[in-house]
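Have a look at the structure that comes next, please.
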Amino acid sequence: MGYLDPQLRQGLVSHEDSTVRDSCSLLDDVEPCGDDRPCRDGFCALLFYITAGVLIFFAASASDQLNFADYASAREKLNEEAFQAAMKAICVGGIVSFILAQCFLRFANACTEVVVWAALLFGPLSLIVAGVSMLPSAPVGTAIGFLSISLGVCMASCTCCCWKHLIPFTVLLIQTLISVMQDHFAMIFITLAGSILCVAWNLLCVVGCLALYMVHRSNNYQHDAAEDNAVYFAVCFIFLWGSMVASNTCHVACCGIFSRWYFGKEHDSPVAKSLKVAFITSFGSICLGSFAVAFIRATEMLLKKLEREAAEDNNPVVCVLLCLTRCVVNCIGDILEWFNEFAYVQCAVRGHGYLDAVKATYALCTFSGCQGISAASLVSTVMTMGALLCSILGGAMSYVIFCGLMTDQMGVAVFGSIVGVFGYIIAIMMALAVLQPLQSGAT
């Protein structure tokens, strides 16, 4: 029994690309959102669990190298009023951002076309406003201002010409996505949990790296540049891998909820079944795809480090070669990261392993789906604008509340700026928790 639309099946089978023809069975023979799914790519999930276990064990066993008593005594010397004011301000900033993101969703649902146009023109209009503000600063400011205004006008014109025909489809898509999100409010808590897991992984990596540094310093360990680069690459890779696994797991879970709505299978615990797919049956596929992207990104970061060292050594030839290589690696990473976002949908919908999901995604992207991909990018623009506005307002609220709670105004502006930065970080986490499902649903 085939599960594909007959016209789509015929188009895939008769396609000139053999890879597309061979991938037709991956899409046609597997029931969407089926319950009987085997675990895929378990070896990579096992590798991730081992990595996490080793990291936890190392951080815990080496924690005696860190004198936490000194940190505790130092905190006792801090102004208790400032500490409490900072915590209150950061929490309020996060809550404000969460509420604003909810309001943004409701406004986007009521005035979708206005929000889409605002998101598309936000960047060009910002350039124009910045250019106008720089015009009085003659002569250099005037020249830069005119350049900024010209660039903004060109970008706005290109935006109107290139994206105008996709606005109606994007409006319908966003309204549908928000409707599904309102019916399954748990998606917000899934993405929020992903953000918390990402922060926890990063903190664990920081403790582990700090403990490693303390051990090497206490033992006067001598190492060469090659070992430094290897450790740098490993640290970057582990940081990125865990963060991407947390983010992509939430993406797969949200895709599962949307797909069960689309295929009419949301009557039987769609959230629980989608979480099972994301954290059990397809977790290995998520780890494998995240492994590939993290490896590319860590390589890019290592090349950037080597490029910086070559510039310090006044070696322009090596610096240029490393810069060109890094640009190529960066493009590969962008392509792989973009492609993975769609491949994970096949993991959520049909339970494919990572490589089969890549083949199925390639077949669909080659044959059709360009309009959907373009509209997905517009949804991402709307999500980014909403998250940015909510997080900026949340961070500003943290700053204002901290300054208002402090009775001692000495140095309050400096400390308030620091609190505002932390408030912004928490605020953007809360805003993305509310808005991230939009991107997953569009994908």
Side-chain angles (χ1 to χ4, degrees), residues 90 92-127 129-130 152 155-156 159-160 163-164 166-196 198 247 250-251 253-255 257-258 338 341 372-399 420-443:
I90 292 173
V92 171
I95 295 173
V96 168
S97 178
F98 184 87
I99 295 174
L100 288 176
Q102 291 284 350
C103 295
F104 177 81
L105 275 182
R106 293 184 179 277
F107 179 73
N109 192 30
C111 306
T112 313
E113 188 169 357
V114 174
V115 171
V116 173
W117 275 115
L120 291 176
L121 297 176
F122 179 76
L125 291 178
S126 299
L127 285 175
V129 171
M155 289 178 60
T159 298
C160 294
W163 298 109
K164 183 178 180 180
L166 287 173
I167 298 299
F169 178 71
T170 305
V171 168
L172 180 61
L173 179 60
I174 290 178
Q175 290 175 343
T176 304
L177 294 176
I178 294 176
S179 175
V180 178
M181 289 172 60
Q182 290 174 346
D183 292 338
H184 302 284
F185 193 76
M187 278 191 284
I188 294 177
F189 297 101
I190 293 174
T191 52
L192 181 60
S195 300
I196 295 173
C198 183
S247 175
C250 296
H251 173 61
C254 291
C255 287
I257 296 173
F258 279 111
W338 176 87
E341 189 173 354
I373 292 172
S374 300
S377 65
L378 295 188
V379 173
S380 177
T381 304
V382 172
M383 183 202 72
T384 302
M385 184 195 71
L388 184 63
L389 292 177
C390 295
S391 58
I392 290 175
L393 292 175
M397 182 63 69
S398 297
Y399 174 83
V421 171
F422 280 100
Y424 172 81
I425 294 173
I426 300 299
I428 200 167
M429 286 175 54
M430 300 300 291
L432 287 176
V434 176
L435 301 176
Q436 184 64 43
L438 277 177
Q439 177 64 22
S440 299
T443 307

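Only this structure's heavy atoms are used, side chains among them; waters, hydrogens and symmetry mates stay out. For reference, positions follow the sequence shown, starting with 1.
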_Sequence neighbours excluded - side-chain hydrogen bond (donor to acceptor under 3.5 Å, both in side chains) pairs with any residue from residues 177-189_ = His184-Glu266
*asked:* Using every non-hydrogen atom in the two residues, find where Cys250 and Gly194 come nearest and quote the distance to one decimal.
replied: SG-CA, 3.2 Å
Could you pull out all donor-acceptor pairs under 3.5 Å where a side-chain atom in residues 387-394 meets a protein atom, sequence neighbours excluded?
| residue | atom | partner | partner atom | Å |
| --- | --- | --- | --- | --- |
| Ser391 | OG | Ala387 | O | 2.8 |
| Ser391 | OG | Leu388 | O | 2.9 |

_Contact summary for Ala427 and Gly395, nearest pair of heavy atoms_ = CB-N, 4.2 Å
*Heavy-atom pair of closest approach, residues Val434 and Met181*: O-CE, 3.2 Å
Could you list the donor-acceptor pairs under 3.5 angstrom formed by side chains in residues 99-127, with sequence neighbours left out?
| residue | atom | partner | partner atom | Å |
| --- | --- | --- | --- | --- |
| Thr112 | OG1 | Ala108 | O | 2.5 |
| Thr112 | OG1 | Asn109 | O | 3.4 |
| Thr112 | OG1 | Gln175 | NE2 | 3.2 |
| Ser126 | OG | Phe122 | O | 2.7 |

_Sequence neighbours excluded - side-chain hydrogen bond (donor to acceptor under 3.5 Å, both in side chains) pairs with any residue from residues 185-194_ = none
*Can you name the residues that form a ring pair (Phe, Tyr, Trp, His ring centres under 6.0 Å) with Phe189, not counting sequence neighbours?*
Phe185
*asked:* Going by the rule side chain to side chain donor-acceptor pair (under 3.5 Å), which residues pair with Ser440 if we only count those two or more places apart in sequence or in a different chain?
replied: His251
_On a heavy-atom basis, which atom in Ile190 and which in Ala253 lie closest, and how many Å separate them?_
CG2-CB, 4.1 Å
*Taking all non-hydrogen atoms of both residues, which atom of Met187 and which atom of Val180 are closest, and how far apart?*
CE-O, 4.2 Å
*Do Phe258 and Leu177 have side chains that get closer than 4.5 Å, going by heavy atoms?*
yes
